[in-house]
Participant: 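One structure is given below, represented as structure tokens, and several questions about it will come after.
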Number of protein chains: 2
Amino acid sequence: MVKEDNTQQKILDAARSVFMKKGLAGARMQEIADEAGINKALLHYYFRTKDKLYYAIIEEAFQTILPLVSDVFNSSETLEMKLNRLASKYVDLLEEHRYLPLFVLNELQMNPGRISEFINLKKFLNIPNLKKQVQTEYGLEFINEGMLMHAFINFLSNMIFPFIARPIIQFNLGISDEIYREFLMTRKVLVPRIFISTLKSMNEYAKNIK
Amino acid sequence: MVKEDNTQQKILDAARSVFMKKGLAGARMQEIADEAGINKALLHYYFRTKDKLYYAIIEEAFQTILPLVSDVFNSSETLEMKLNRLASKYVDLLEEHRYLPLFVLNELQMNPGRISEFINLKKFLNIPNLKKQVQTEYGLEFINEGMLMHAFINFLSNMIFPFIARPIIQFNLGISDEIYREFLMTRKVLVPRIFISTLKSMNEYAKNIK
DNA sequence: GTCTATATAGGGATAGAC
DNA sequence: GTCTATCCCTATATAGAC
């Protein structure tokens, strides 16, 4: 009991690191053991199978992301505040956990059903409520739910994709870690602003069509 | 020599399908052989190792994407036409090859260097030229290269991310293939329009700061 | 070119001592 | 709880017949 938490934590840290870089099939139990400074048998003592260890990490990953989103969306702030807070938190989170987004997206691609227990998009993406806020706080009365869907997906895309595509962008354009980091930090304020300006533009467009 | 092209093609088709779904480590030579309707030994006869077969598929994937982008960017069309054509082609391509984007992004994450021979972002992302077109065709004189970089990354994000995140969005929001397909098709015209409206908004913002 | 059969290694998992 | 040794299956790769 003395070292239990400690060893378990070391295993989880090592497993997270290896699984995020290599995925389930690519990861080696030996490599995880090495990185944790223990031997293979002990991995199986704590987590009976590779699969179980993997899903401990998957669950942990989702529990890292979700409270953050949930917290913002269940607040009673103005839309502007919500967006700014969400963008800011996202950038910090993904900057710290560089492999997280691709890891999560891969798991969702491989196994969309298994993850449903963790994620409930509907809970966060309350379109009717979003619509109300857009109307009362910005007076955009021609915005419909379809437009909001597009705008929200764009918001997510703009937040997450620059992290996923980071290797190729940085490598190919010869951008240093430092510069790319600044680029990402700028987006904390830029992306929410673009979300609003996009909605305004959509609203104008819809008004003129009518 | 009689069946060579035929068998080789069957192998490539099968390998593409399996590698895209499972990745390098997750794919099984047996599964590829089965899907190609041949046996394992023949795989090794045509492509000596799993690795070589994998990189044949990787190369093919990049050769599918790049001419498309290159073609658009080396044309002398207006910016609006370029964007519309690029968006339209992208959507059709990714709709047809559902696993392509995540497959490519994974490879780039795993092995950013190895791929550099295929991709030359600098060639496409000619920021000075883009800036000139923005100024002459839309009169946006306050747009600088940093803003263009953000706008272009947003454009890419908005095009690609909805395909990557498709499983979770569809599954979780209970959206049918049919409806999500319509959603994506709409973006052929929507995303270019948002690119321009974003630049206009940035231009206003920059003007007022000055 | 294509097959069956097999060599060889790698890696997940367990037994058992301490 | 932690280790060493080992089991055993799976998967890549090759040999060799046709």
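Only this structure's heavy atoms are used, side chains among them; waters, hydrogens and symmetry mates stay out. All values derive from a computational prediction rather than experimental measurement. To find a chain, count down the sequence lines: A is the first, B the second, and so on, and within it residues start at 1.
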Participant: Is any side-chain nitrogen or oxygen of A:R28 closer than 4.0 Å to OP1 or OP2 of C:dG12?
Facilitator: yes
Participant: Taking OP1 and OP2 of C:dG1, is either one under 4.0 Å from a side-chain nitrogen or oxygen of B:T7?
Facilitator: no
Participant: From the list D:dG1, C:dG1, C:dT14, which nucleotide is the closest neighbour of the side chain of A:H44?
Facilitator: C:dT14
Participant: Between N or O atoms, less than 3.5 Å apart, protein on one side and nucleotides 15-18 of chain C on the other: list the pairs.
Facilitator:
none

Participant: A:F62: what forms a ring pair (Phe, Tyr, Trp, His ring centres under 6.0 Å) with it, not counting sequence neighbours?
Facilitator: A:F118
Participant: Does B:S75 have any side chain to side chain contact (heavy atoms under 4.5 Å, CB included) partners at least two apart in sequence or in another chain, and if so, which?
Facilitator: B:E77, B:K82, B:R85
Participant: Check every atom of D:dC3, C:dT2, C:dA13 against the side chain of B:L42 and return the nucleotide holding the closest atom.
Facilitator: C:dT2
Participant: Could I get the full list of side chain to side chain donor-acceptor pair (under 3.5 Å) partners for B:Y205, not counting sequence neighbours?
Facilitator: A:R193
Participant: Please enumerate all residues that pass side chain to side chain contact (heavy atoms under 4.5 Å, CB included) together with A:M110, with sequence neighbours excluded.
Facilitator: none
Participant: Side-chain N or O of B:N39 versus OP1/OP2 of C:dT2: is the shortest distance under 4.0 Å?
Facilitator: no
Participant: Taking the six-membered ring for Trp and the full ring for Phe, Tyr or His, determine whether the centres of B:F195 and B:F155 are under 6.0 Å apart.
Facilitator: yes
Participant: Would you list the pairs meeting salt bridge (charged side-chain N to carboxylate O under 4.0 Å, His left out) in which at least one residue belongs to residues 38-59 of chain A, sequence neighbours left out?
Facilitator: A:D51-A:R114
Participant: Just jot down the salt bridge (charged side-chain N to carboxylate O under 4.0 Å, His left out) partners of A:R181, sequence neighbours excluded, or say none.
Facilitator: A:E95
Participant: Do any pairs count as a side chain to side chain donor-acceptor pair (under 3.5 Å) and have a residue in residues 97-106 of chain A, sequence neighbours left out, and if so which ones?
Facilitator: A:N106-B:N106
Participant: Can you list, by residue number, the residues of residues 49-58 of chain B that have a non-hydrogen atom closer than 4.0 angstrom to DNA chain D?
Facilitator: B:T49, B:K50
Participant: Tell me the bend of the helix from C:dG1-D:dC18 to C:dC18-D:dG1 as the angle between end helix axes, each from five pairs, rounded to the nearest 10 degrees.
Facilitator: 0°
Participant: Which residues satisfy the salt bridge (charged side-chain N to carboxylate O under 4.0 Å, His left out) test with B:E80, sequence neighbours excluded?
Facilitator: none
Participant: What residues, two or more places apart in sequence or in another chain, satisfy ring pair (Phe, Tyr, Trp, His ring centres under 6.0 Å) together with A:F163?
Facilitator: none
